[in-house]
Amino acid sequence: MGYPEIKAFRIGDAILVLVLGLGTAFFTFLNFHSEPGSEVRIILRDQDAGTYSLAGDTAIAVNGPLGKTVVNIGGGAVWISSAPCPQQICVHQGKIRLTGQILVCVPNRICVEIQGSGDRDIDGTTM
Amino acid sequence: MKGNRLNRKLVHLALLAAVASILFAVEELASMPIPFFRLGLANAVTLLVLIGYGMPEALAVVALRVLVGSLLVGTLFQPNFFFSLSGGLASALVMGGVLAVGARWFGLIGISILGALAKNSVQLLLAYVLWVRQSRLLSLLPLFLLLSIVAGTLVGLLTSALLKKSGLIRFFRETRSA
């Protein structure tokens, strides 16, 4: 009726994929410096909950609204080993080690990010 | 005659909503390799309803799908429920809009990519506004763009296969012109 013939593929699709692909590449380039980071910053409820060195071996217990989330640092990487949230997405995110990468536990309102040594701190401002 | 046609439409929409609910529930339960990543197979059903009936029907099927699917999985009225609902509705609105104005330029693949993009953007925005007001959350954007392309392409191909193989196109035409 109202629509022109519906096809699986039209020229706009190719242009769309191309534009999105370029966008992905651009944002990736912009966001990740792809260098190993040096510091771990933990943010709880929009607020800074401490910065730790990425060099050591530590386990940090962070108390969010749901309970205790355990953030581990070791071997130059950060990961969340246990969390009280139902879906455990943050645990499944695994280890991160590069500047700009983040671990997020949305239900427990915890965000863990890796910073470089000479990182400009503008991005750290809370809204 | 008129009542008969209405019955047929209701049954058809109910069946599509049931299929969408199952797809939705299965995807909720299956743990995907990448966090946040869902193929959005139920979106194929949304697209079918948009093509066959229109926007109001598609929105209704999305709402039913999220309601019934969440009930099956046990996430009803949990945060996930609202994420799925807003994402599904946004996706339906965008796909319907593109179908109405841009079907000359975009095929099913492009339309479902745009739908996946709408869903992901709305959910990311919701997470940002509601919970983690960290600009760093937006660094997930490239990942979401990439996932939208992959998921949208697969769903578009699926929808096209469903339309062709099942004779749904003919069915829709009959329904519309009857």
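A, B, ... follow the sequence lines: proteins, then strands. Residue 1 opens every chain. Worth saying up front: this structure is predicted, and the values here are computed from it rather than measured.
Contact residues of residues 62-72 of chain B toward chain A are absent (heavy-atom distance under 4.5 Å).
Heavy-atom pairs under 4.5 Å with chain B peak, among Ala8(A), Cys90(A), Gly12(A), at Ala8(A). When each of Ile111(B), Leu114(B), Val101(B) is checked for heavy-atom pairs under 4.5 Å with chain A, Leu114(B) comes out on top.
No path of Ile, Leu, Val, Met, Phe, Trp and Tyr side chains, each step under 4.5 Å between heavy atoms, connects Ile15(A) with Leu99(B), placing them in separate hydrophobic clusters. Note: the hydrophobic cluster containing Leu15(B) does not contain Ile51(B) (ILVMFWY, side chain heavy atoms under 4.5 Å, direct or indirect links). With hydrophobic clusters built from ILVMFWY side chains whose heavy atoms lie under 4.5 angstrom apart, Ile6(A) does not share a cluster with Val155(B). Two different hydrophobic clusters hold Val112(A) and Trp79(A) under the rule that ILVMFWY side chains link at heavy-atom gaps under 4.5 Å. Hydrophobic clustering (side-chain heavy atoms under 4.5 Å, transitive across Ile, Leu, Val, Met, Phe, Trp, Tyr) keeps Leu22(A) apart from Leu147(B).
Rounding to the nearest 0.5 Å gives a distance of 9.0 Å between CG of Leu16(A) and OG1 of Thr153(B). With values rounded to the nearest 0.5 angstrom, Arg10(A) atom CZ is found 11.0 Å from Phe106(B) atom CZ. In this structure, Phe9(A) CZ and Leu157(B) CG are separated by 10.0 Å, a value rounded to the nearest 0.5 Å.
When heavy atoms are compared at a cutoff of 4.5 Å, Ile109(B) approaches chain A by way of both its backbone and its side chain. Both the backbone and the side chain of Leu20(A) come within less than 4.5 Å of a heavy atom of chain B.
With sequence neighbours left out, Gln78(B) forms a side chain to side chain contact (heavy atoms under 4.5 Å, CB included) with Thr75(B).
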Side-chain polar contacts of residues 53-75 of chain A - donor-acceptor pairs under 3.5 angstrom, sequence neighbours left out - could you list them?
residue: Ser53(A); atom: OG; partner: Ala55(A); partner atom: N; Å: 3.1
residue: Thr69(A); atom: OG1; partner: Asn108(A); partner atom: ND2; Å: 2.7
residue: Asn72(A); atom: ND2; partner: Ser81(A); partner atom: OG; Å: 2.5

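Applying the 4.5 Å side-chain rule to ILVMFWY residues, one finds that Leu18(A) remains a lone member of its cluster.
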